[in-house]
Engineer: 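Take a look at this one; I'll ask things after.
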Amino acid sequence: MLAAIGAQSIDELFDEIPASLRLSQLDAIPAALSEMEVGQLMGRRAQQDGQPVCFIGAGAYDHHIPAAVWQITTRGEYYTAYTPYQAEASQGTLQLLYEYQSMMVALTGMDVSNASLYDGASALAEAVLMAVRANRKSKSKRILMPKTVHPAYRRVVRNIVHNQEVELVELPYDPSGGHTDPSVLEAYAGEDIAALVIPQPNFFGVLEEVDALTDWAHANGALAIGVVNPLALSLLTPPGEWGEKGADICCGEGQPLGAPLSSGGPYFGFLCCKQSHVRQMPGRIIGRTEDLDGRVGYTLTLQAREQHIRRSKATSNICTNQGLMVTAATIHMALLGSEGLERAAAASYQNTSQLVSQLTAIEGVESLFQRPAFHERVIRLPAEAGSVLRSLAAHSLLGGLDLSRDYPELGDAILVCATEKRTAEEIDAYAQKLQRVIQLQGGVKCGLVPKE
Amino acid sequence: MLAAIGAQSIDELFDEIPASLRLSQLDAIPAALSEMEVGQLMGRRAQQDGQPVCFIGAGAYDHHIPAAVWQITTRGEYYTAYTPYQAEASQGTLQLLYEYQSMMVALTGMDVSNASLYDGASALAEAVLMAVRANRKSKSKRILMPKTVHPAYRRVVRNIVHNQEVELVELPYDPSGGHTDPSVLEAYAGEDIAALVIPQPNFFGVLEEVDALTDWAHANGALAIGVVNPLALSLLTPPGEWGEKGADICCGEGQPLGAPLSSGGPYFGFLCCKQSHVRQMPGRIIGRTEDLDGRVGYTLTLQAREQHIRRSKATSNICTNQGLMVTAATIHMALLGSEGLERAAAASYQNTSQLVSQLTAIEGVESLFQRPAFHERVIRLPAEAGSVLRSLAAHSLLGGLDLSRDYPELGDAILVCATEKRTAEEIDAYAQKLQRVIQLQGGVKCGLVPKE
Amino acid sequence: MLIFEQSRAGRQASAQAPLERADVSAIPEQFRRRRSAALPEVSEMQAVRHYTRLSRKNFSIDTQFYPLGSCTMKYNPRACNSLASLPGLLSRHPEAPESHSQGFMACLYDLQEILREVTGMKAVSLSPAAGAQGEFAGVAMIRAYHDARGDHERSEILVPDAAHGTNPATAVMCGYKVREIPTGADGDVDLEALQAVVGPHTAGIMLTNPSTLGVFDRKIEAIAKTVHDAGGLLYYDGANLNAILGKVRPGTMGFDVIHMNLHKTFSTPHGGGGPGAGPVGVSERLVPYLPVPMVAKSGDEYVWLTEEDCPESIGRLTAFAGNAGVLLRAYVYARMLGREGMPRVAEYSTLNANYMLKRLQAAGFDAAYPDRRATHEFIITLKRQAKELGVNTMDFAKRLLDYGFHAPTTYFPLLVPECLLIEPTETEDKETLDGFIQAMSDILAEAQSDPEQVRQAPHTLPVKRLDDVKAARELDLAWTPETT
Amino acid sequence: MLIFEQSRAGRQASAQAPLERADVSAIPEQFRRRRSAALPEVSEMQAVRHYTRLSRKNFSIDTQFYPLGSCTMKYNPRACNSLASLPGLLSRHPEAPESHSQGFMACLYDLQEILREVTGMKAVSLSPAAGAQGEFAGVAMIRAYHDARGDHERSEILVPDAAHGTNPATAVMCGYKVREIPTGADGDVDLEALQAVVGPHTAGIMLTNPSTLGVFDRKIEAIAKTVHDAGGLLYYDGANLNAILGKVRPGTMGFDVIHMNLHKTFSTPHGGGGPGAGPVGVSERLVPYLPVPMVAKSGDEYVWLTEEDCPESIGRLTAFAGNAGVLLRAYVYARMLGREGMPRVAEYSTLNANYMLKRLQAAGFDAAYPDRRATHEFIITLKRQAKELGVNTMDFAKRLLDYGFHAPTTYFPLLVPECLLIEPTETEDKETLDGFIQAMSDILAEAQSDPEQVRQAPHTLPVKRLDDVKAARELDLAWTPETT
Ligand SMILES: Cc1ncc(COP(=O)(O)O)c(C=O)c1O
Ligand SMILES: Cc1ncc(COP(=O)(O)O)c(C=O)c1O
């Protein structure tokens with residue numbers, strides 16, 4: 001091959017790199033391992049972390065994933081293809097994405113869906129930017145953001161949108177209901193607001209008054225952006241039907257649809273909207289079309305929104321989607337159907353209710369927020385939450401998320417979740433262990449009124 | 001659908017079954033579980049057995065299997081196809097099997113290979129029956145079977161062939177070498193022997209004098225049947241080159257070529273022979289041919305040997321092969337190549353040597369059979385073998401196979417094996433634990449000369 | 001292109017083997033091979049791409065309707081694969097002690113119990129590696145039984161002419177002579193012919209019921225009585241168990257021994273030809289002869305039964321416990337199906353078969369047994385078409401491939417001329433069945449309008465019709481460097 | 001056929017969900033949906049068969065040569081997938097405590113160190129979810145840096161005209177104006193033009209080197225000096241890192257911040273469009289601004305660095321730690337490659353590219369930069385052919401599909417007319433490259449003899465050329481019951 005090139009050595013091929021810059025060694029990088037050796041290393045590390053029983057939700061949920069999902073998803077043809085730039089050679093991915101979009105439309109009640117964004121949090125950031133562009137009535141870049149939105153999502157939104165001078169106005173939550181009381185909006189009536197964000201269920205698992213919130217937004221010239229759990233949507237009113245006119249944009253984390261917990265990623269963000277806003281939607285979109293013979297086919301469309309063509313005027317800089325995760329999600333939804341999703345959602349709801357009732361039977365443990373909730377709930381402990389959770393973890397049980405960092409006002413509150421995968425024995429074991437741990441630690445704080 | 005049939009109910013479709021025979025209940029069968037539930041059950045059971053570090057070989061070897069092997073093998077197109085009866089719709093499986101046959105021919109040095117049998121033991125039984133049919137010079141059905149052949153194989157051969165009045169004559173092994181001394185054959189010189197079985201390496205891991213044994217067989221009108229470890233063959237003289245003329249038939253267990261240990265199966269038996277015996281070979285055989293346009297294609301061939309056509313005159317009743325395992329083995333061999341197989345074999349050899357030298361450094365532990373061996377060796381313990389192995393198992397370490405059932409004359413002997421997967425730490429840990437266990441148990445037998 | 005033809009000296013999938021080469025010079029040279037085996041030398045990517053592409057030249061259940069009669073090509077739930085492949089199960093050594101095998105043994109034990117219940121037999125051994133090995137075990141047990149009673153005159157096994165080829169081949173492997181029993185015009189065994197040959201030489205009879213003719217033998221009780229009265233035993237070839245799962249039990253029909261094809265009825269994957277699994281179940285009198293190993297329960301513990309525990313056993317037929325990983329898949333399947341699911345298998349497979357039969361008849365095809373119910377499968381004969389149109393069963397079969405359907409079983413059973421044995425299974429939907437029926441009708445029309453089109457089929461597959469005669473005459477069974 | 005079109009009311013993959021339906025009536029009706037979502041209702045087999053068959057309509061690395069320039073479509077070792085999917089890793093909750101995360105965190109930490117070493121940067125954060133998010137993080141850090149110094153005048157990001165579209169789009173997302181810098185005739189950045197525009201408004205420059213023109217910018221030191229002297233920072237778009245892995249480090253070239261596309265250089269699968277991963281590395285002065293979370297080592301323990309630990313951080317960009325599973329795959333890859341393997345990646349990818357370039361030139365194609373070395377990729381322009389034969393780049397691309405090759409990147413970079421950006425990668429063998437070159441020659445011949453054949457291509461794929469205009473004009477983005 002060098003002969004064909006007319007070079008003496010491979011090294012010669014790098015002769016345009018200034019010699020002074022050339023690197024000689026990569027000393028800090030370990031020597032190569034064989035597949036077997038790296039397998040042993042990874043095996044040890046995977047084992048090291050144990051597989052504690054998980055009662056944490058908080059944006060990532062331990063649902064059952066049918067075996068077929070990943071056996072099909074990892075087929076080389078899906079796994080090792082790239083963005084379907086050559087539509088004719090990518091009808092597999094393209095038709096699947098079109099089906100995905102159709103399923104998301106069915107689930108959310110919106111008109112259109114894109115082919116996914118990075119994750120739920122960044123999808124919300126994109127939804128906010130999109131709302132600012134799409135809301136022709138509003139000249140402001142003000143967004144009302146309830147405190148019941150996932151704290152990490154709120155941070156991500158801030159980090160992404162603040163460079164474009166979008167202003168995020170935090171809405172407080174109702175301390176007894178754990179929801180955004182629509183009356184807090186009165187303070188903003190008549191102001192120029194680009195959009196109102198509405199989580200359903202919210203971070204506490206609590207159901208929001210989505211109809212009232214959506215209608216308020218529309219009455220005040222703002223767009224309504226739903227942030228939803230797609231599995232919950234199998235049971236809950238879809239954003240497209242919120243209030244009189246439905247939400248304008250909705251987004252969320254797709255993980256509950258077939259993505260393993262996997263330390264937080266890869267998951268995928270979904271983004272849907274009303275037809276009228278489709279040209280403001282960022283990310284890949286697949287359209288149905290025809291070939292020269294009039295046969296149905298699928299292709300990337302509305303590319304004029306994207307950076308490849310639009311460059312600095314694109315709707316976003318996003319280039320990849322989370323294609324593989326969406327492949328899994330599509331197969332997942334096809335396998336479960338709405339009946340299956342509803343059953344999984346209902347079982348999760350039931351398990352969480354059961355968990356909460358067993359935990360709150362323990363003296364001193366109380367459930368906050370009495371409003372209807374989905375499969376996540378806030379409970380308050382009669383002992384230091386962090387220390388209780390550590391003790392439980394030592395028993396290979398993740399008892400919930402400590403809320404003290406983001407909601408110190410709630411005291412020793414934790415957010416718990418029991419999906420359909422948690423068995424009655426696991427729930428019993430949690431209750432028993434919690435009781436013991438509280439007894440042991442309770443000496444210190446027992447009887448104290450939790451700080452408010 | 002019932003309307004099209006003209007039936008009132010599904011039950012009616014069973015109306016030709018005498019009513020008195022009809023079954024009403026299946027009470028003893030548990031109720032259906034969801035995939036998630038059966039997953040939890042299997043997860044618990046799989047975990048229950050632990051994953052002890054394995055120093056047992058004895059016919060099933062813990063080798064590294066490249067990740068690609070089973071990711072490709074379980075593609076639906078291989079996994080859920082059946083016997084390639086419609087060759088045009090099965091060129092994937094057929095070409096792969098032809099490649100498999102070619103690889104086995106390369107590895108064994110024989111002329112032809114079938115497309116696999118159930119396992120190594122049953123392959124040996126078929127090889128014996130085949131030899132009886134193929135040996136036109138011999139009128140007897142006598143087979144010389146060294147005691148160095150895997151005991152389970154000898155049992156299986158007996159169980160399968162005794163109904164056809166084949167006589168198995170056991171050959172003793174040399175107590176110091178652990179091999180079949182060619183001189184024991186002198187007793188049979190001039191007798192009518194259909195075949196001599198030659199294991200390489202033998203059950204003790206010891207290398208047999210294959211050249212002398214093969215030549216003896218041929219000189220005495222018997223066929224030579226090799227029973228070989230295919231991974232060992234990457235380093236050892238292939239049966240096709242044994243002695244002056246090479247073995248006539250060779251068979252063995254294919255497990256080391258990409259099949260996981262999996263409690264003993266599914267594995268696959270391979271069977272190869274000289275061209276002249278091909279019509280006596282049982283099992284599927286794939287041939288290369290052409291289609292109507294002269295294009296190369298592959299098809300089942302020599303079907304006139306098989307029960308579908310030959311019925312009671314078939315070479316065997318075998319109908320399935322272990323197609324999926326052979327798929328894995330073919331990909332495994334393609335990935336490793338002979339270089340890779342040689343490295344894996346050499347590393348296993350080295351690890352076993354290292355293990356034996358560390359174990360025999362313990363007082364009272366000795367290595368039997370000083371002849372060259374491959375990756376398996378017999379060592380004798382200064383304490384009751386079964387009890388030592390149980391103690392090791394309690395430390396999650398499978399120390400070897402207790403030989404007292406099949407070779408009581410060896411005393412407290414165990415057969416140990418360390419494949420390339422055993423790390424230096426694991427070998428050290430074995431030596432340390434063995435030392436401790438022997439010390440603890442040694443009180444009783446310490447200093448005793450092991451029984452002979 | 002063969003993988004060998006992509007080989008280049010020195011190429012390697014380097015991460016797959018130890019990175020260094022250990023020294024083996026301590027092994028004397030006389031034992032070492034002189035030249036490395038001529039295996040292909042390719043990169044990991046080449047191997048992956050080659051075998052991925054190759055796979056796409058296969059029809060399979062995951063991609064096509066595959067109504068291969070007698071083979072029960074039904075959907076293989078993916079969970080069976082992943083759960084049988086849990087690391088703890090995959091890495092278990094066959095010689096691991098019972099202390100480290102309780103989880104695995106619990107699965108086998110439960111499966112034995114499930115199969116016992118569903119077949120109505122007294123005890124089950126899981127170890128045979130496939131149907132044919134199950135047959136061997138069964139007939140070997142029949143022989144062991146007679147031998148144990150000193151009943152050495154029994155030298156014949158009776159086999160209906162519709163039987164699968166493995167039946168007579170098995171009888172011969174067990175040292176028996178085979179005597180064929182004809183089938184009556186209605187598809188049932190010719191009872192009179194049976195009565196005529198049964199006698200003191202009869203060791204037993206091998207029956208498939210429903211038979212491979214796709215009908216349930218209504219005279220089964222009389223057959224059983226005839227054979228038993230003569231001192232023979234009844235062997236049940238369970239390849240067609242799918243048709244009667246939860247509906248009728250071989251034990252109730254009077255069988256003494258049965259094999260099951262787990263890769264059929266219990267949906268373990270066919271893997272391009274195997275592995276299968278062929279557990280055997282027996283009536284009381286054959287229990288002592290069951291092949292080992294088996295799993296028993298002693299208190300709370302599972303224990304192995306081996307040669308020592310079962311001195312009259314016909315012994316083991318594979319080195320370890322048969323195709324254990326296949327058994328685990330079957331177990332997972334059985335648990336997902338459960339008590340409720342088993343009869344549904346029989347119901348829907350029978351419904352699908354009867355539906356197809358009627359619709360194909362309506363489309364102008366001849367049923368081999370038009371007056372009988374189809375079971376889970378049925379036969380049509382193209383004798384008339386072959387004669388009138390010069391388009392035979394093989395042509396139909398090959399042309400079906402062009403329509404995207406795997407062909408049904410052709411030319412089996414041997415006694416029905418120009419036959420197609422069609423088994424849709426319970427996992428196919430009506431739309432697929434309708435598609436197949438349409439394809440058959442279309443091919444029939446083609447056979448009239450353009451028979452050459454059918455005779456030359458297939459046209460759309462990776463190869464055109466292959467020359468089997470050349471394959472057998474000019475044997476080319478392995479690539480060598482000279483082939484290319 | 002769409003999965004929706006196979007749906008029949010009431011059909012279900014029944015084992016996939018809980019077998020019973022829990023009562024949710026305690027949720028007030030006002031919150032509950034009135035009609036079930038209209039998802040497809042199919043059996044498990046239908047879903048498996050549908051998506052298996054659908055997959056076969058894709059080109060992919062595992063099945064085809066895929067020389068998509070700038071995308072580094074190299075082989076994805078299968079071990080990366082299985083090891084990142086070990087049950088313990090797959091089931092780890094992102095909020096699991098550090099006590100139950102040491103194994104996972106060790107992998108991230110090691111990967112940070114490897115990336116640091118290979119790029120020559122001071123510190124690395126792994127969290128950005130893709131290249132474009134890495135760009136965002138990078139430019140946001142540049143902004144945070146200037147802001148922290150009170151340097152608020154810097155409102156412009158400079159971007160060469162050859163840049164990928166994500167570069168200008170990112171600058172805008174970070175609130176900057178974009179100023180394009182032209183490319184010189186030799187493919188290097190026009191240094192004089194750069195000098196002319198750089199100044200107190202310059203926040204920084206985004207460069208890809210080797211650039212997307214397939215050449216290494218020889219004046220990189222001068223560029224760095226120019227920008228730094230003006231107070232701007234240098235951003236390195238690491239999409240082309242594959243070309244220089246182990247050969248030259250962005251840190252050495254003078255870059256202040258870099259993103260890497262792990263789905264390119266570190267071979268994590270492209271997944272039909274993602275997920276990727278876009279870690280960022282920075283020079284000393286940007287360390288405080290790195291996005292969180294990161295992993296640090298404290299004694300023998302790994303600890304998370306989050307917002308609390310890094311108060312000046314630009315914060316997190318996804319809810320948790322980015323595409324963790326992708327990072328694990330990259331880590332496995334990096335360990336298998338090791339110190340020795342990294343430079344080989346650059347060497348063989350460069351060798352392959354230069355070989356193809358020369359051979360294509362010999363076959364009559366025009367290189368965009370004939371006097372330059374190719375890096376790991378190169379550009380040919382079909383301007384001449386388009387003019388003379390009326391067969392354009394798109395026609396060539398589509399026709400290549402018929403030959404079984406995925407097309408190279410077309411019409412990018414925008415400044416080269418009728419271009420193909422060809423990146424063979426290091427994992428392809430010479431025979432494959434030769435096959436592609438032959439196909440290009442054949443198509444050129446066809447373009448002369450039968451241009452319509454090329455213009456109408458593809459001919460052998462599941463669909464013929466698709467109508468993109470119709471797709472955009474008559475938007476049909478989701479199936480509804482009315483679609484069918
Ligand atoms: C009726 C019948 N009997 C026996 C067998 C043999 O079973 P196996 O192929 O599992 O050996 C088959 C398999 O095709 C069969 O259809
Ligand atoms: C040169 C260049 N820069 C940036 C990107 C963006 O990276 P990503 O697609 O991972 O967001 C790409 C990806 O195609 C690229 O080729």
Side-chain angles (χ1 to χ4, degrees), chain A residues 1 5 10 28-29 31-32 35 38 42 45-46 48-49 66 76-77 80-83 88-89 91-93 102 105-107 112 118-119 121 152 159 163 260 262-266 287-289 291-292 297 301 307-308 311-312 314 317 319-324 334-335 338 340 343 346-347 350, chain D residues 13 16-18 22 24 36-39 47 54-55 57-62 79 83 86 88 90 92 94 103 117 129-130 132 165 168-170 174-175 178 248 269-276 315 318-320 323-325 335 338-339 347 350 354-355 461 463-464 466 471 476-479:
Chain A
M1 291 172 80
I5 300 170
I10 291 185
I29 295 181
E35 186 185 296
V38 73
M42 294 300 287
R45 289 188 172 171
Q48 187 180 348
D49 293 348
E77 293 93 328
T80 73
Y82 202 20
T83 308
E88 297 83 359
Q91 287 296 299
T93 288
S102 306
V105 162
L107 213 47
V112 292
Y118 303 130
D119 80 334
N159 298 337
N163 289 312
S262 183
S263 294
R288 179 163 164 137
T289 185
D291 75 358
L292 285 178
T301 194
Q307 10 60 39
H308 284 303
R311 301 183 70 82
S312 63
N317 73 339
C319 178
T320 56
N321 61 2
Q322 303 276 106
L324 197 69
L335 282 167
S338 52
R343 286 190 191 187
Q350 189 182 43
Chain D
Q16 310 302 353
V24 295
S36 287
L39 296 178
L54 213 49
S55 76
K57 297 188 177 177
N58 268 2
F59 278 31
S60 68
I61 284 297
D62 276 10
L83 297 178
L86 290 172
L90 272 195
R92 189 184 162 276
E117 172 78 0
T170 298
C174 291
V178 173
V248 53
H270 286 79
T318 56
F320 303 110
N323 285 333
R335 293 304 303 265
R339 185 195 304 144
E347 287 165 10
T350 301
N354 279 283
Y355 173 77
L461 291 167
V463 290
K464 292 203 159 183
L466 289 165
D476 174 353
L477 308 182
W479 179 89

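Every chain is numbered from 1 and lettered A, B, ... according to where its sequence line falls, protein lines coming before strand lines.
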Engineer: Are A:Val105 and D:Trp479 close enough that some pair of their side-chain heavy atoms sits under 4.5 Å apart?
Structural biologist: no

Engineer: Using non-hydrogen atoms and a 4.5 Å limit, figure out which bit of A:Val38 sits close to chain D: side chain, backbone, both or neither.
Structural biologist: both

Engineer: Could you state the interatomic distance from CZ (D:Arg335) to CD1 (A:Ile29), rounded to the nearest 0.5 Å?
Structural biologist: 10.5 Å

Engineer: Hey, which of D:Gly271, D:Ala17, D:Pro168 has the most heavy atom pairs under 4.5 Å with chain A?
Structural biologist: D:Gly271

Engineer: So, do A:Ser262 and D:Arg92 sit near enough that their side-chain heavy atoms are less than 4.5 Å apart?
Structural biologist: no

Engineer: With chain A, which of D:Ser36, D:Ala79, D:Gly276, D:Gly175 has the greatest number of heavy-atom pairs at distances under 4.5 Å?
Structural biologist: D:Ser36

Engineer: Whether A:Arg288 and D:Asp476 form a salt bridge (side-chain N of Lys/Arg under 4.0 Å from carboxylate O of Asp/Glu) is what I want to check.
Structural biologist: yes

Engineer: Check whether A:Gln48 gets within reach of chain D through its side chain, its backbone, both or neither, counting any heavy atom under 4.5 Å.
Structural biologist: side chain

Engineer: Any idea which of D:Val24, D:Leu86, D:Val463 has the most non-hydrogen atom pairs under 4.5 angstrom with chain A?
Structural biologist: D:Val463

Engineer: Mind listing the closest non-hydrogen atom pair of D:Phe59 and A:Ala81 along with its distance?
Structural biologist: O-CB, 3.3 Å

Engineer: Taking D:Asn354 for the side chain and A:Ile5 for the main chain, is one N or O donor matched with an acceptor at less than 3.5 Å?
Structural biologist: no

Engineer: Between D:Ala37, D:Pro94, D:Cys174, which shows the greatest number of heavy-atom pairs under 4.5 Å with chain A?
Structural biologist: D:Pro94

Engineer: Establish, from distance only, whether the side-chain atoms of D:Asn323 and A:Gln322 form a donor-acceptor pair under 3.5 Å.
Structural biologist: yes

Engineer: Please check if the side chain of A:Asp291 supplies one atom and the backbone of A:Gly297 the other of a donor-acceptor pair under 3.5 Å.
Structural biologist: no

Engineer: Using non-hydrogen atoms and a 4.5 Å limit, figure out which bit of A:Asn321 sits close to chain D: side chain, backbone, both or neither.
Structural biologist: both

Engineer: Mind ranking D:Ala13, D:Ala38, D:Ala324 by heavy-atom pairs under 4.5 Å with chain A and telling me who comes out on top?
Structural biologist: D:Ala324

Engineer: What distance separates A:Arg311 CZ from D:Thr170 OG1, expressed to the nearest 0.5 Å?
Structural biologist: 11.0 Å

Engineer: Which bit of A:Ile10 is near chain D, if near means a heavy-atom gap under 4.5 Å: side chain, backbone, both or neither?
Structural biologist: side chain

Engineer: Identify which of D:Ala129, D:Gly272, D:Gly315 forms the greatest number of heavy-atom pairs closer than 4.5 Å to chain A.
Structural biologist: D:Gly272

Engineer: Is there side-chain contact between A:Leu324 and A:Pro266, with at least one heavy-atom pair below 4.5 Å?
Structural biologist: no

Engineer: Quick check on the interface: out of A:Ala334, A:Ala89, A:Gly264, who has the most heavy-atom pairs with chain D under 4.5 Å?
Structural biologist: A:Ala89

Engineer: Does any backbone or side-chain atom of A:Ser312 lie under 4.5 Å from a heavy atom of chain D? Answer side chain, backbone, both or neither.
Structural biologist: both

Engineer: Only pairs of heavy atoms separated by less than 4.5 Å count here; which of A:Ser102, A:Gly287, A:Gly323 has the most with chain D?
Structural biologist: A:Ser102

Engineer: Quick one: of A:Gln307, A:Gln91, A:Arg343, who has the most non-hydrogen atom pairs under 4.5 Å with chain D?
Structural biologist: A:Arg343

Engineer: Let me know if D:Leu90 has heavy atoms under 4.5 Å from chain A in its side chain, its backbone, both or neither.
Structural biologist: both

Engineer: Side chain, backbone, both or neither: which part of D:Val178 has a heavy atom under 4.5 Å from chain A?
Structural biologist: side chain

Engineer: Report the distance from atom CG of D:Leu466 to atom OG1 of A:Thr289, rounding to the nearest 0.5 Å.
Structural biologist: 6.5 Å

Engineer: Using non-hydrogen atoms only, which part of A:Gln350 is less than 4.5 Å away from chain D: side chain, backbone, both, or neither?
Structural biologist: side chain

